[in-house]
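Letters A, B, ... mirror the listed sequences (proteins, then strands); counts begin at 1. What's counted below: heavy atoms across the whole structure, side chains too, no hydrogens, waters or symmetry copies.
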Amino acid sequence: MEQVGIAIDPAFFEETSQKLERDLRLIEEDIYKEAGEEFNINSTPQLREVLFEKLELPVIKKTKTGPSTDASVLEELAEQGHRIPTLILEYRQLDKLKSTYVDALPQLVNPDTGRIHSSFNQAVAATGRLSSSDPNLQNIPIRTEVGAELRKGFVPADGFRFVSADYSQIELRVLAHLSGDETFMRAFRSGADIHRETAALVFEVDLDDVTADMRAAAKTINFATIYGIGPYALSKQLGTSVQEAKTFIESYFERLPDVRQYLDRQIERAYEEGYVETLAGRRRYIPEVKSKNYNIRQFGERAATNAPVQGSAADIIKIAMIDIHDALDQRDDGTRMLLQVHDELLFEAPAAAVDEITGLITERMEGAFELAVPLRVETGSGASWYECK
DNA sequence: TCGTTCACG
DNA sequence: ACGTACGTGAACGAT
C-alpha cells in the first residue's frame with residue numbers, strides 16, 4: 001500500500017480550495033461584524049476573549065487554560081440563541097477541510113509516481129491497529145456531506161475502478177464471539193439489524209415497535225460497551241440524566257449477562273496477569289490498573305475491556321489483507337490494495353474485473369477468521385472513493 | 001513542544 | 001470530592 005500509493009485529481013483540489021477560500025471569507029466577515037472587531041478566529045485565546053469577555057457569553061466548560069470553545073460548547077451557545085457560535089462552527093469546519101486536506105494533499109504527490117504515498121505504521125497503536133501518517137489517509141472526511149465530497153478527489157488509475165469493502169459491525173461481532181453471549185450471537189446469526197435488536201431487548205418492546213430514537217440510543221449503548229462504559233459519558237452522549245443512563249446500562253447487562261461477565265473477566269485479567277490479549281494472542285499490558293490514582297485506574301479498566309475487541313478486529317482484517325494479497329498475486333490482473341481504514345479496504349481493479357474482484361475480496365474477508373457468528377462485508381465500486389458508498 | 005480542536009474507525 | 005467512553009494524526013497558535 002505504501003509503495004503503490006493512491007492518485008488524486010489535482011484540478012478537483014484546486015477548484016475546491018478556491019471555493020472554500022471564498023466561503024471562508026464570507027463567514028469571516030459575518031463573524032467580525034458580530035464580534036465588533038477583527039481577530040484571529042483560529043486563535044483559541046483570542047476567540048475566548050471575544051466570546052467570554054467582550055460578548056459575555058456563559059462559560060459552559062473549562063479547559064486547563066480557560067473557558068472551552070470546542071464544538072459541544074458552541075452548539076450549546078447556539079441553542080441559547082446566540083448568533084456567533086454557529087458562524088464559528090461553520091468557519092471551523094471549512095477551515096479544517098481546507099488546511100488539513102484540500103491544500104495539504106496535492107503537495108504530497110510524489111513527482112516520480114504521481115501518487116500520494118502514506119506510511120502505514122505497524123508498531124504505534126497499542127491495540128494492534130495500523131495507523132496512517134504523512135499523510136494520514138485513515139481520517140479522510142465522510143460524516144458530513146461537504147467533507148465527504150473531498151473523496152471525489154481520490155481517483156483510480158486510467159482503465160481502473162475503485163472497489164471498497166468494509167466489515168459490517170466487526171467489533172460487535174467480535175464481542176459476541178469473545179463473550180459467547182447467546183442472545184448476542186443469536187441476533188447476529190439472524191442477520192438482523194443489531195442496534196434494532198438491542199433496542200428491542202433493552203426497552204422491552206417487539207422488534208416492530210422499536211422507534212428511531214430507541215434504535216439510536218441502543219446504538220450509542222453498543223458503542224459505549226465496546227469503549228468501556230461509564231454512566232456519566234453515556235448520559236452526555238444520549239442527552240439524558242446520569243440516572244437514566246445508569247438504568248440503560250443496568251438493563252443492557254441484565255439482558256446480556258455473558259457480555260458483562262466477559263468484560264469483568266478482562267478487567268480481572270488486567271489486575272492479575274498484567275495484560276489482556278486478542279484472538280491472535282496479541283497482548284496489551286495494562287500497568288494503569290496498579291495506579292493509586294482512581295482516574296488512571298479507571299482508564300486502565302476501560303482499556304482492558306476495549307483492547308481485546310478492537311485488537312481482535314485488527315487481527316482479522318490483517319489476516320484478510322495477507323490472504324487477499326496472495327490471491328491478487330496469483331491472478332496478476334493489475335488489481336492493487338491501496339488503503340486500509342481499520343474495518344475497510346480500498347482497491348483499484350481493472351474496470352472489466354470489478355465484479356469478479358468484488359467477489360474475491362468479499363470471500364476472503366468473510367472467511368479470514370471463523371467466529372461463532374458470521375463476518376459480513378459490504379462492498380461498493382466507482383470512479384472515485386466518494387462513489388464507493 | 002504543548003494545548004486545543006477536530007478529522008477518522 | 002473528583003472527573004468522566006476506546007484507538008489514532010494533523011493543523012494551528014502560543015510559549
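Nucleotides B:dT4 and C:dG3 are separated by 14 Å at their P atoms, to the nearest Å.
Within 4.0 Å of A:Asn139, counting heavy atoms only, lies at least one base atom of the nucleic acid. A:Leu97 comes within contact range of no nucleotide atom at all, as no heavy-atom separation falls under 4.0 Å. Within the nucleic acid shown, A:Pro45 comes within 4.0 Å of sugar-phosphate atoms alone, with no base atom in reach, counting heavy atoms only. When heavy atoms are screened at a 4.0 angstrom cut-off, A:Ala125 is found touching the sugar-phosphate backbone but no base atom. Backbone-only contact: A:Tyr101 has heavy atoms under 4.0 Å from sugar-phosphate atoms and none from a base.
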**Item:** Sugar-phosphate or base contact per nucleotide [nucleotides 1-6 of chain B; S, B, -; heavy atom under 4.0 Å]
**Value:** --SSSB
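In this structure, the CG atom of A:Leu20 is 13 Å from the P atom of B:dA7, given to the nearest Å. Between A:Tyr227 atom OH and B:dG9 atom C1' there is a gap of 7 Å when expressed in whole angstrom units. Rounded to a whole Å, the CG atom of A:Leu130 is 14 Å from the C1' atom of C:dG9.
Residue A:Gln138 places no side-chain atom within donor-acceptor reach of the base of B:dC8, judged by atom type and a 3.5 Å distance cut-off alone.
An OP1 or OP2 oxygen of C:dG13 is reached within less than 4.0 angstrom by a side-chain nitrogen or oxygen of A:Asn40. Not one side-chain nitrogen or oxygen of A:Thr100 sits closer than 4.0 Å to the OP1 or OP2 atom of C:dA10. In this model, the phosphate group of C:dC6 is approached by a side-chain N or O of A:Arg302 to a distance below 4.0 Å at OP1 or OP2. The side chain of A:Gln46 places an N or O atom within less than 4.0 Å of a non-bridging phosphate oxygen (OP1 or OP2) of C:dA14.
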**Asked** Which dot-bracket notation, 5' to 3', represents the base pairing of DNA chain C when pairs are defined as Watson-Crick or G-U with both distances under 3.5 Å, crossing pairs as [ ], and inter-strand pairs as |?
**Response** .....|||||||||.
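Using a 4.0 Å cut-off between charged side-chain N and carboxylate O, A:Glu14 and A:Lys19 make no salt bridge.
Using a 4.5 Å cut-off on side-chain heavy atoms (C-beta onward), A:Val109 and A:Pro10 make no contact.
For the contact set between residues 361-389 of chain A and DNA chain B, defined by any heavy atom under 4.0 Å, there are no members.
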